[in-house]
Amino acid sequence: MAKRIEVKDLNIYYGGFHAVESVELTVEPRTVTAFIGPSGCGKSTVLRTLNRMHEVIPGAYCTGQVLLDGADLYGKGVDPVAVRRNVGMVFQRANPFPAMSIRDNVVAGLRLNGVKNHKALDEVAEKALRGANLWDEVKDRLDRSGASLSGGQQQRLCIARATAVEPEVLLMDEPCSALDPISTLAIEDLINELKEKFTVVIVTHNMQQAARVSDRTAFFNLKAQGEPGRLVEINATDKIFSNPTEKATEDYISGRFG
Amino acid sequence: MAEPNHVAEPVSDPATPDAPRRPSAAAQMKPPSRTGDRVFLGFSSTVSVLMAVLVLVIFVFLVKAAIPALTDNDSNFFTTRTWSTDSSPLNFGIAALVWTTAISAIIALLIAVPLAIGVALFITQMAPKRLAGPVAFVVDLLAAVPSIIFGLWGSIVLGHFGFLNGVRSVLIAVLGWIPIFKETPSWSDVGGTIFLASIVLAIMILPIITATSRDVMEQTPRDQVEASLALGATRWEVIRMAVLPHSRSGIISGSMLGLGRALGETLAVTLILQQVSQMQLKRLFNPSIFTGGDTFASKIARDFPEALNDPKSLGALVASGLSLFVITFFVNAAARTIAERGVKR
Ligand SMILES: Nc1ncnc2c1ncn2[C@@H]1O[C@H](COP(=O)(O)OP(=O)(O)OP(=O)(O)O)[C@@H](O)[C@H]1O
Ligand SMILES: [Mg+2]
């Protein structure tokens with residue numbers, strides 16, 4: 001199920017604004033890759049090109065290739081809808097469907113894929129909610145609206161929703177930025193489990209988190225204000241945190257850098 | 001004005017310890033002037049009280065005008081279909097008017113709402129920008145057409161419009177066993193029928209329903225749309241998962257606005273509808289939409305000039321007008337409740 005992602009010469013634009021330039025990276029199947037870097041350097045932007053969510057912003061486009069097990073996501077005739085069914089995403093801001101119950105939120109993706117069997121849906125919902133460390137808190141109110149939860153609970157609900165469909169690749173944009181330490185640990189455990197089956201890419205501002213969960217770490221940076229963001233270095237997480245090749249990486253990690 | 005000063009103070013002189021300075025900073029804090037608030041509050045509460053009083057005055061006036069006619073009425077006001085106010089005792093009731101008003105407005109709504117939702121979805125979700133603008137403009141333009149034009153067009157042109165007569169024939173053939181769609185002798189085409197009035201009403205209320213639906217659809221939160229897209233939703237599935245749930249209560253209140261307009265629309269309906277004779281009304285109740293009739297509004301508009309010289313005839317008309325008032329009042333109240341419930345969910 002898990003797939004290898006190869007990004008080749010990826011340039012990303014918002015209309016006339018060149019946001020990220022010439023990214024080259026490979027993500028091996030069944031690994032966790034962390035994207036780190038200062039705010040505004042384009043981590044979310046790169047992440048969103050990996051499931052073709054970037055292009056839903058009016059005027060946004062990208063050039064280059066993103067290969068999923070060798071098949072170009074941006075190739076001719078590739079349906080972005082099909083891409084997104086295989087590459088799941090958790091957003092920086094929790095976005096459950098307020099008109100749906102908690103349970104329906106979790107199984108929304110499965111419903112899209114045509115699963116109708118109630119029992120099967122219930123089982124998946126429980127499993128996904130347990131994985132996201134939310135089950136105990138919501139098991140008595142699965143029929144309440146997804147919007148009735150706290151911010152952190154909503155984010156865990158979104159994580160459950162994204163994992164319920166068992167995507168080949170899971171993209172997570174700062175999934176823990178609104179979570180307490182216990183839920184954060186639970187999510188990190190979940191990521192560790194997920195990587196046995198899936199490929200995970202996670203954006204995080206939390207260095208410890210990157211060190212704890214990821215196998216490889218990519219450091220993004222802006223050359224200068226107003227210039228496009230770029231990938232400075234991608235390497236094994238140990239190496240990035242102990243002995244990075246680039247000076248900029250070392251400065252950022254040791255906190256000598258805004 | 002005092003605020004920026006004392007906020008800036010510690011920054012401008014960081015060497016000075018904060019604590020001893022605080023009392024003086026607090027002393028500098030003048031209570032901000034609230035004159036504007038008070039004027040505005042006074043003005044807006046006066047206006048709202050005046051509005052309430054005005055509505056009450058109109059209501060009382062209407063009730064007073066209607067009472068003599070109602071007390072002289074020999075028939076049941078609610079269940080009588082016929083209308084005779086020429087000589088005492090009077091014999092009139094609103095049953096036929098209620099039916100014609102309600103059925104024409106409801107059918108107009110049944111036609112207009114799906115169309116309006118479709119057009120609004122097209123404009124906000126599907127059409128490329130350069131198509132969406134013109135379509136929205138054309139629909140808005142419909143709202144600017146005076147209702148007399150709709151009336152003239154409906155009665156002169158649409159009455160002989162082959163397509164509508166085709167629809168009529170199909171409805172009669174397929175659903176004719178339902179009394180509402182029964183064929184009625186001597187009404188051989190759509191000219192003058194309730195059906196035709198409903199179609200024109202539907203066109204007339206389309207812009208308002210489309211505009212309200214469009215507004216709420218445009219407000220669909222970006223993150224809801226992205227949440228469904230990221231799950232692999234197609235365009236239609238995005239509409240189903242994000243856009244429609246978000247717009248539901250807005251669409252409902254827009255529809256209720258349209259319903260209110262359809263219930264009260266006068267000119268167009270008066271020009272289009274042909275009356276049914278009192279004799280026929282008396283003989284049997286014909287619920288078919290393929291026959292003529294009168295709504296509250298068209299009845300009042302038609303009979304008003306003659307009734308002017310006779311307080312009792314006028315009173316009877318006022319009583320029917322009051323009934324319409326009460327009906328639209330409840331429709332609006334219902335719309336409000338539904339819309340509010342939508343917000344709470
Ligand atoms: N919708 C958009 N339209 C135009 N420009 C955008 C849009 N979203 C992001 N950008 C720009 O693209 C650049 C990269 O933004 P991005 O959101 O990818 O940063 P980030 O690394 O995820 O930052 P953060 O850590 O704060 O989330 C920024 O300069 C930003 O201003
Ligand atoms: Mg970001």
Side-chain angles (χ1 to χ4, degrees), chain A residues 44 47-48 50-59 79-101 104-114 144-148 154-155 157-165 167-173, chain B residues 117 120-133 135-136 212-255 337-345:
Chain A
S44 302
L47 197 72
R48 288 167 61 96
L50 303 184
N51 68 342
R52 298 195 60 168
M53 279 300 288
H54 177 63
E55 67 207 51
V56 308
I57 295 167
D79 182 359
V81 169
V83 171
R84 294 178 203 131
R85 289 199 180 180
N86 291 319
V87 183
M89 180 159 218
V90 176
F91 292 81
Q92 206 162 345
R93 261 184 58 200
N95 53 3
F97 298 113
M100 284 188 201
S101 69
D104 288 346
N105 259 287
V106 179
V107 298
L110 288 171
R111 285 242 169 87
L112 285 181
N113 289 319
R144 295 265 294 276
S145 154
S148 69
Q154 289 188 12
Q155 184 63 303
L157 178 60
C158 293
I159 291 169
R161 182 176 68 189
T163 52
V165 289
E168 290 159 349
V169 177
L170 184 63
L171 309 174
M172 305 174 105
D173 196 347
Chain B
I117 295 177
L121 283 176
F122 178 78
I123 292 171
T124 61
Q125 310 295 319
M126 296 190 249
K129 274 246 154 56
R130 85 201 124 69
L131 209 60
V135 172
T212 15
S213 309
R214 201 180 70 200
D215 285 349
V216 285
M217 285 173 187
E218 262 162 10
Q219 302 289 323
T220 309
R222 183 85 217 149
D223 62 353
Q224 295 298 307
V225 174
E226 292 203 342
S228 33
L229 280 173
L231 285 174
T234 60
R235 200 173 271 195
W236 164 241
E237 285 160 345
V238 171
I239 290 172
R240 226 187 45 209
M241 294 170 83
V243 179
L244 287 182
H246 171 263
S247 336
R248 212 186 55 132
S249 61
I251 294 172
I252 291 176
S253 31
S255 308
T337 334
I338 293 169
E340 264 160 27
R341 199 164 26 169
V343 171
K344 247 179 252 151
R345 260 184 53 123

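In the text below, chain A, chain B and the rest are named by the order of the sequence lines, each starting its count at 1. Bear in mind the structure is a predicted one, so any value in this text is a computation, not a measurement.
Two residues are said to be in side-chain contact when any heavy atoms from C-beta on lie closer than 4.5 Å; A:P98 and B:Q224 meet this criterion.
Looking at residues two or more places apart in sequence or on another chain, you find a ring pair (Phe, Tyr, Trp, His ring centres under 6.0 Å) between A:H54 and A:Y14. Residues forming a side chain to side chain donor-acceptor pair (under 3.5 Å) with A:N86 (at least two apart in sequence, or on another chain): none.
Both the backbone and the side chain of A:F97 come within less than 4.5 Å of a heavy atom in chain B. Within the 4.5 angstrom heavy-atom criterion, only backbone atoms of A:V87 (N, CA, C, O) approach chain B. Of the two parts of A:A147, neither the backbone nor the side chain holds a non-hydrogen atom closer than 4.5 Å to a non-hydrogen atom of chain B. Proximity to chain B is limited to the backbone of A:P96, based on heavy atoms less than 4.5 angstrom apart.
With values rounded to the nearest 0.5 angstrom, B:R222 atom CZ is found 11.5 Å from A:N95 atom CG.
Applying the salt bridge (Lys or Arg N to Asp or Glu O under 4.0 Å) test to every pair with at least one member in residues 79-93 of chain A, sequence neighbours left out, gives these pairs: A:R85-B:E237, A:R93-B:D223.
Contact residues of residues 122-129 of chain B toward chain A are absent (heavy-atom distance under 4.5 Å).
Interface summary for chain A: among B:S228, B:P245, B:A242, the most heavy-atom pairs under 4.5 angstrom belong to B:S228. Taking chain B as the reference chain and counting heavy-atom pairs below 4.5 Å, the highest number among A:R111, A:M53, A:R161, A:M89 is found for A:M53.
For the side-chain contact (heavy atoms from CB on, under 4.5 Å) criterion with B:L229, the lone passing option out of A:V56, A:N51, A:V81 is A:V56.
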